[in-house]
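Structure, as C-alpha cells:
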Protein chains: 2
Amino acid sequence: MIERHLAKLRARATVSAEEEAAIRSSLGEIREFAADEVVVPALKVQDHSTMLLDGFMCRFKDLRNGKRQITELHVAGDFADLHSFTLKYLDHDVIALTPCRAALVPHANLRRITEQFPHLTRLYWFSTNLDAAIHREWELSLGQRTARARLAALFSELQIRLQIVGLASDTSFDLPLTQTDIAECMGLTNVHVNRTLRNLKEDRLVEFEGRRLTILNKAELWRAGDFDPRYLYLDGNGTAPSLGP
Amino acid sequence: MIERHLAKLRARATVSAEEEAAIRSSLGEIREFAADEVVVPALKVQDHSTMLLDGFMCRFKDLRNGKRQITELHVAGDFADLHSFTLKYLDHDVIALTPCRAALVPHANLRRITEQFPHLTRLYWFSTNLDAAIHREWELSLGQRTARARLAALFSELQIRLQIVGLASDTSFDLPLTQTDIAECMGLTNVHVNRTLRNLKEDRLVEFEGRRLTILNKAELWRAGDFDPRYLYLDGNGTAPSLGP
DNA sequence: TGCCGCGATAAACCTAGGTTAAGACGAGCC
DNA sequence: GGCTCGTCTTAACCTAGGTTTATCGCGGCA
C-alpha cells in the first residue's frame with residue numbers, strides 16, 4: 001500500500017516502527033484519479049495532502065497566453081502536495097498525467113505528527129526541501145542547459161527516483177508521458193523534444209518508445225546532461241545522519 | 001537586529017512573544033561577509049543556518065561549462081539556508097552579492113525549536129516552502145516567459161519582498177545587483193538584459209539606474225510580467241490562518 | 001470496417017535571444 | 001593626474017529552438 005512511500009523515506013533516513021505506525025494511522029480515504037484530472041486546484045484551501053500510490057502526477061503553473069510550465073513530476077511514493085500542509089493553498093495546480101491511485105492524508109493528522117513526532121516531522125520537512133532541490137535543478141536546466149542536456153538530466157533524475165521505489169531497473173522504466181508533457185517540463189516545444197529524442201537515439205544514449213525509456217549508455221547520458229545526482233540526497237544510502245535519531 | 005526577520009514572519013502568521021523569545025535565544029554569532037564571499041559552500045555539511053540581516057545574497061548552481069544559474073535571491077530578513085537544517089548539506093552554493101551582515105543559528109537550537117515549539121516549527125517549515133514557491137515561479141519565468149516578462153516579474157517580486165521588510169516603497173528600492181547578476185537570475189545574457197532594460201524604460205515601466213530600481217507604472221509592469229503575487233502568500237495580511245494558533 | 005482524434009514525425013521557415021567585439025564611463029588607487 | 005578594472009552600452013552577426021503545416025500510425029469505437 002504505502003510501501004513505495006516508505007521506500008522513498010528510508011532511502012534517506014531511518015523510519016522507526018513507531019513512526020511507520022504513525023504514518024499508517026494518518027492515512028485517510030484512498031482515491032482514484034483519471035488521466036488529466038485535477039488533483040489539487042491552485043489557490044483552493046486544502047484540508048489534506050495527497051500521497052501518490054500509483055501513476056504519475058505533476059505540478060504546473062501557466063501564463064495568460066496558455067503556455068504551461070510543469071515544475072515537478074511526481075512518481076509513486078511521493079507526496080504531491082505535502083507543502084499544502086503549511087501553505088494551506090497551492091500556488092500551482094496538481095494534475096494526474098496518467099490514471100492514478102492516491103491516499104489522502106488529513107492535515108489534522110499531519111499536525112498531530114508535528115506535535116508528537118519531532119523526528120518524523122523533520123523527515124517530512126526534509127521531504128518538501130527535497131522537492132525544492134528538484135525545483136532548483138530544473139531551474140538550472142531551464143536557465144542554462146541545452147535541450148539535449150535538459151532531456152538527459154530529466155531522464156537521469158527519473159531513473160533514480162523510480163529505481164528507489166522499485167519502478168525502474170538500472171537502465172529502463174515505464175514513462176507514460178507524451179512528448180508534449182516532456183516539453184512542458186523542460187521549457188521546450190513538442191517538436192523540439194522530438195528532434196532532440198531522435199538525436200539522443202542516434203547517439204545511442206537513450207531510446208523512448210512505446211512510453212518506455214531505455215538508457216543505452218548511462219555514463220554518457222549523465223555526461224550529456226551534466227548530471228550530478230547529489231541534489232537527490234541519497235548519499236546516506238538509507239541511514240542519512242542528516243535528520244538525527 | 002532581527003526585526004526584518006520578524007517582519008517577514010509576521011507578514012504571514014502570528015508570532016507569539018514566547019516564540020519571538022525562542023527565536024532570539026537561538027541566535028549565535030553575528031558575521032559580516034564581503035561581496036562575492038561564499039557564505040555556504042555546496043555539499044559541505046553545515047551545523048548552522050544563516051539569517052540574513054543586511055545586504056543581498058543568492059543561491060546558485062552551475063554547469064561544467066561555467067554557466068551559472070541563480071535560483072533565488074535573498075533579502076534582509078530571509079534565512080539563506082534554513083533548508084540546511086533538514087538537508088544538512090546544500091545542493092547549491094550561497095554567496096553574498098553585496099557586503100552582508102548575518103546571524104548564524106546553530107542547528108542544535110533549531111532542533112530544540114522543533115521539539116518545543118510545534119507552531120513555530122510549522123512556521124519555519126512554511127518559510128522553506130515559500131522558498132520553493134519562489135523557485136516554481138522562477139521555473140515558470142525561465143521556461144515560459146519572454147525576457148521582458150522575466151524582468152518585469154522579477155522586479156515585481158522584489159518590490160513586494162523588500163517592502164515587507166521596510167526596504168522598498170511602493171515604487172522604488174535599492175537593488176545593488178549588476179546586469180550580469182540579473183541575467184544569471186533569469187537565464188539571459190547581460191547583453192540581452194541591457195537591451196530589455198532599455199526597452200522597459202522606453203515604455204515607461206521601470207528605470208534601473210545607479211543600482212536603484214524605480215517602478216514608473218506598476219499596473220503595466222505586473223501585466224507585462226504576467227505577475228500574480230499570490231505565490232508569495234501574503235493574503236493573510238499578517239494573520240494567516242494557515243498555520244493554526 | 002471505417003471513422004475519429006491524439007500523438008509522433010518531419011520539413012521549411014522564422015525569430016528571440018546569444019555571441020563577439022569594441023567603446024564609454026566611473027570609482028578606486030598609485 | 002593618469003591607470004586599471006569592472007560595468008554598461010551598442011552594433012553586427014549568428015544559432016538554438018520556435019512556428020507552421022502536413023503526413024502517418026494507431027487505438028478506441030460505432
Side-chain angles (χ1 to χ4, degrees), chain A residues 34-36 56 63 65-69 97-99 141-154 174-203 206-214 224-226, chain B residues 34-37 56 63 65-69 95-99 141-154 174-203 206-213 224-226:
Chain A
D36 297 325
F56 286 74
L63 297 176
N65 64 12
K67 284 179 190 287
R68 159 186 302 198
Q69 179 63 42
L97 290 171
T98 66
S141 275
L142 292 164
Q144 306 298 342
R145 284 187 172 100
T146 63
R148 181 184 162 94
R150 287 183 211 185
L151 295 194
L154 176 64
D174 287 324
L175 185 62
L177 308 187
T178 66
Q179 295 185 6
T180 300
D181 293 331
I182 294 172
E184 289 177 346
C185 290
M186 292 290 105
L188 300 167
T189 57
N190 57 345
V191 175
H192 200 60
V193 166
N194 187 276
R195 281 198 276 252
T196 309
L197 283 172
R198 193 184 346 158
N199 178 262
L200 288 170
K201 182 174 171 179
E202 278 163 13
D203 293 349
V206 299
E207 255 171 16
F208 182 47
E209 259 159 39
R211 305 286 159 91
R212 186 167 180 87
L213 193 95
T214 307
D226 219 328
Chain B
D36 298 323
E37 189 175 345
F56 285 73
L63 298 176
N65 65 11
K67 286 182 189 284
R68 160 186 300 200
Q69 179 62 42
I95 56 170
L97 290 170
T98 65
S141 275
L142 292 164
Q144 307 298 342
R145 284 186 172 98
T146 62
R148 180 184 163 94
R150 287 183 210 185
L151 295 194
L154 176 65
D174 287 325
L175 185 63
L177 309 187
T178 66
Q179 295 185 5
T180 298
D181 293 332
I182 293 172
E184 288 177 345
C185 290
M186 292 289 104
L188 300 166
T189 57
N190 58 345
V191 174
H192 200 59
V193 166
N194 188 277
R195 284 198 272 250
T196 308
L197 284 171
R198 191 185 345 155
N199 179 262
L200 287 172
K201 182 174 172 181
E202 278 163 11
D203 292 349
V206 299
E207 255 171 19
F208 182 46
E209 257 159 40
R211 304 284 157 96
R212 188 168 178 84
L213 192 94
D226 219 329

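Just so we're on the same page: letters track the sequence lines, and every chain starts at 1.
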Taking all non-hydrogen atoms of both residues, which atom of B/K67 and which atom of A/Q144 are closest, and how far apart?
-> CB-OE1, 3.6 Å
Roughly how many Å is it from CG in B/N65 to C1' in C/dT19, rounded to a whole number?
-> 14 Å
Select one nucleotide: of D/dT7, C/dG17, C/dA10, the one nearest the side-chain heavy atoms of B/R211.
-> D/dT7
So, B/E207 side chain and B/L213 main chain: donor-acceptor pair closer than 3.5 Å or not?
-> no
Please determine if a side-chain N or O atom of A/N194 lies less than 4.0 Å away from the OP1 or OP2 oxygen of C/dA8.
-> no
Quiz item: A/R195 side-chain donor-acceptor pair to D/dG18 base, under 3.5 Å = yes
May I have the distance from B/L97 (atom CG) to D/dT7 (atom C1'), rounded to whole angstrom?
-> 15 Å
Nearest to the side chain of B/T189, which nucleotide is it out of C/dT19, C/dG17, C/dT9?
-> C/dT19
Check the distance between D/dG18's C1' and A/E184's CD and give it to me in whole angstrom.
-> 15 Å
Select base, sugar-phosphate, or nothing to describe what B/T196 touches, counting heavy atoms under 4.0 Å on all strands.
-> nothing
Roughly how many Å is it from CG in B/L142 to C1' in C/dA16, rounded to a whole number?
-> 15 Å
Between C/dT9 (P) and A/L188 (CG): distance, integer Å = 16 Å
Helical bend (five base pairs per end, nearest 10°) for the helix from C/dT1-D/dA30 to C/dC30-D/dG1 = 30°
Go through the side-chain N and O atoms of B/N199 and B/T196 and say whether any donor and acceptor fall under 3.5 Å apart.
-> no
Counting heavy atoms from C-beta on, name the nucleotide in D/dG18, C/dT19, C/dG17 closest to the side chain of B/V191.
-> C/dT19
Let me know the distance between CG of A/L177 and P of C/dC6, rounded to the nearest Å.
-> 18 Å
Would you say B/K67 reaches C/dT19's phosphate, i.e. side-chain N/O to OP1/OP2 under 4.0 Å?
-> yes
For B/F208 and B/L197, which heavy atoms make the closest approach, and how far apart are they?
-> CD2-CD1, 3.9 Å
Between D/dG17 (C1') and A/L197 (CG): distance, integer Å | 15 Å
Min side-chain heavy-atom separation A/R150-A/L142 under 4.5 Å | yes
For the student: nearest non-hydrogen atoms of A/S141 and A/M186, plus distance = CB-SD, 4.1 Å
Look at all strands and tell whether A/G210 reaches a base, only sugar-phosphate, or nothing, counting heavy atoms closer than 4.0 Å.
-> nothing
Judged by atom type as modelled, is there a donor-acceptor pair below 3.5 Å linking the side chain of B/R148 to the main-chain atoms of B/L200?
-> no
So which one's nearest nucleotide on DNA chain D is more toward 5', A/R150 or A/N190?
-> A/R150
Length of the CG-P vector between B/N199 and C/dG17, whole Å = 10 Å
Under 3.5 Å, side chain of A/T98 to main-chain N/O of A/F56, donor-acceptor pair present?
-> yes
For the side chain of B/R198, starting at C-beta, report the closest nucleotide among D/dC8, D/dT10, C/dA11.
-> D/dT10
Which nucleotide sits closest to the side chain of A/H192: D/dG17, C/dT20, D/dC8?
-> D/dG17
